[in-house]
Protein chains: 2
Amino acid sequence: MGSEGHADGTVGKALDVLEMVADQGGSVRFSELLAISRYPKATLYRLLQTLVNQGMLTQDADSGAYALGVRLVRLAHNAWAHSSLAPLARPHLDALAAEVGEAIHLAQIDSGHILFVDKRKSTDMFETLAQAGRVAPAYCTGVGKAILAFLPDAARDKVMPQQSFHPYTPATHTEPASLMAELEVIRAEGVAFDREEHERGIISIAAPIRSRSGRVIGAVSIATSTSRHTLEELNALKPRLLQCAEAVGAEAETWQFPETN
Amino acid sequence: MGSEGHADGTVGKALDVLEMVADQGGSVRFSELLAISRYPKATLYRLLQTLVNQGMLTQDADSGAYALGVRLVRLAHNAWAHSSLAPLARPHLDALAAEVGEAIHLAQIDSGHILFVDKRKSTDMFETLAQAGRVAPAYCTGVGKAILAFLPDAARDKVMPQQSFHPYTPATHTEPASLMAELEVIRAEGVAFDREEHERGIISIAAPIRSRSGRVIGAVSIATSTSRHTLEELNALKPRLLQCAEAVGAEAETWQFPETN
DNA sequence: AGACTTAGTTTCACTTAATGGAACAAAGTC
DNA sequence: GACTTTGTTCCATTAAGTGAAACTAAGTCT
């Protein structure tokens, strides 16, 4: 929702426009984009043309409306396969999912937001971008808090101001102070709980994934509904969850960090 | 493999570099990229910096090597959800998969290559190469040929020269003429067969997905292995497959084309 | 129909940003 | 400690992006 202020050169502007189209969802007319963007008509027009030319956007033949191009899906597959924890964590998630029979989420952090890079549903399971690629706030999710808690102070200070503290439910943190206090607890316990903070009836227990050097590189969670389990029952799975997180972290040894800006 | 000649402006170059990193898979050092690219040192350097800055690439803290950024995964999720046939086709694929019990693939075309946007695994556990976001050549896959066959002449003339005609198996087409001849047959029959042309032991039957205006917008296929089924048995599924393709096409009425360059 | 509004595209003098050869710094290697 | 390799910065040159305004095309209204 935030509009970035920085834009290195033409490329930055183009990617900014790309993101604008993405945020809009579906297809957008030129004039809509013009209304939103701070770019003058001609500039916006040329940027869009270039992006279409490059296959990053597609333009409807008739209506002239813009939508994200499938080239992105191709690129992202590479990103997912080579730059995310997903492929590496897969066997561990499979095992955990089979044992606990609940939904498993694997997430990383991307510019202050939680990005789900893989998951296992309690019922059916198949891996596509359908579920990977989704974003969620960090301050009100199990995985988000697990990552925030173990982030180096400098990185956390960057990320905290980006949190909106929108009250999704009565249990959602609404200000930095209370969240910071909970992060302290999470650091002590080693796991984070989502106590219906993002979605009513949905609870989870999450553990940070740390490389051997100690850097948080993501988080795993076991999610369920209040109708199926209690927080105490989730807590019983803590050892198993930590074991999974550790296993992934150990394998990620050679891996590179997922950025901090 | 192919190095594009066109590059509109700085944005084109930047995306070109992005693609270079993607093609490389995993992480790449600056000098490797320098060796491959036609850009001078300083230029390449600045382009990479910009992309890192924008979160499209990540740079390893220690080694300085570049890899695709997770931001792409986020963008691609939007692309997949809003600009691909996948969400729309989902119920139809589910139904088809349940009925035939074989692997189902949904593909679109992207700059001459086949892009798998969704799939259903067969009940049995044998992995095909396909996955959402994966690319495959058009000339030697069922879905590829199904799309090629029904492409408007102008579009096909653009796409044909992009085919490599690499002989994956003895059954692979190795020159345009024989492929063109088969496309004729496919147009007459309404479906395309993959006769172990891409992968030994893997066969499929594929049908084009056409919008009501008649434009091909993708293809669905039923894939199996020679150990499980024969081409004749696949052919028996033709009516059911065509029905699925038509159902998706009908729903895609309002949808926009997937580009032609 | 003709006048009028709105959406999209092109022009062109102007300005800013990208360019790349070369110098420089840092990390490895002999 | 000299030498090679790899990565980063400088800066005058050049090219590319800019955006106000003019223009064209597609609706709307009376």
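Scope of the values below: all heavy atoms of this structure, side chains included, with no hydrogens, waters or symmetry mates. Lettering of chains follows the sequences in order, A, B, ..., and the numbering in each one begins at 1.
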Per-nucleotide protein contact string for nucleotides 18-30 of chain C, where B marks a base within reach and S marks sugar-phosphate only (heavy atoms under 4.0 Å, - for neither): SBBB---------
Listed partners of E19(B) passing side chain to side chain donor-acceptor pair (under 3.5 Å), at least two apart: R71(A), R74(A)
Pairing residues for H113(B) by the ring pair (Phe, Tyr, Trp, His ring centres under 6.0 Å) criterion, not counting sequence neighbours: none
Degree of bending, the helix from dA1(C)-dT30(D) to dC30(C)-dG1(D) (end axes from five pairs; round to 10°): 40°
Side chain to side chain donor-acceptor pair (under 3.5 Å) partners for S31(A), two or more places apart: none
Spacing of Y45(A) atom OH relative to dG17(D) atom P, expressed in whole Å: 16 Å
For A107(A), all residues meeting side-chain contact (heavy atoms from CB on, under 4.5 Å), sequence neighbours excluded: I114(A), F116(A), V143(A)
Contact list for DNA chain D against residues 28-35 of chain A - heavy-atom distance below 4.0 Å: none
Those residues that, when tested against H105(A), pass side chain to side chain donor-acceptor pair (under 3.5 Å) (two or more places apart): none
Residue pairs fulfilling salt bridge (charged side-chain N to carboxylate O under 4.0 Å, His left out) with at least one residue in residues 47-59 of chain B, sequence neighbours excluded: none
Indicate every side-chain donor-acceptor pair of residues 146-153 of chain A with a distance under 3.5 Å to a residue at least two apart or in another chain.
from	atom 1	to	atom 2	distance (Å)
D153(A)	OD1	R156(A)	NH2	2.6

Backbone N/O of L85(B) and side chain of Q108(B): donor-acceptor pair under 3.5 Å: yes
Separation of dT9(C) P from L44(A) CG (nearest whole Å): 12 Å
Ring pair (Phe, Tyr, Trp, His ring centres under 6.0 Å) against F165(B), all qualifying residues, sequence neighbours excluded: Y139(B)
Any residue meeting side-chain contact (heavy atoms from CB on, under 4.5 Å) with A22(B), in chain and number order, not counting sequence neighbours: L75(A), N78(A), L68(B)
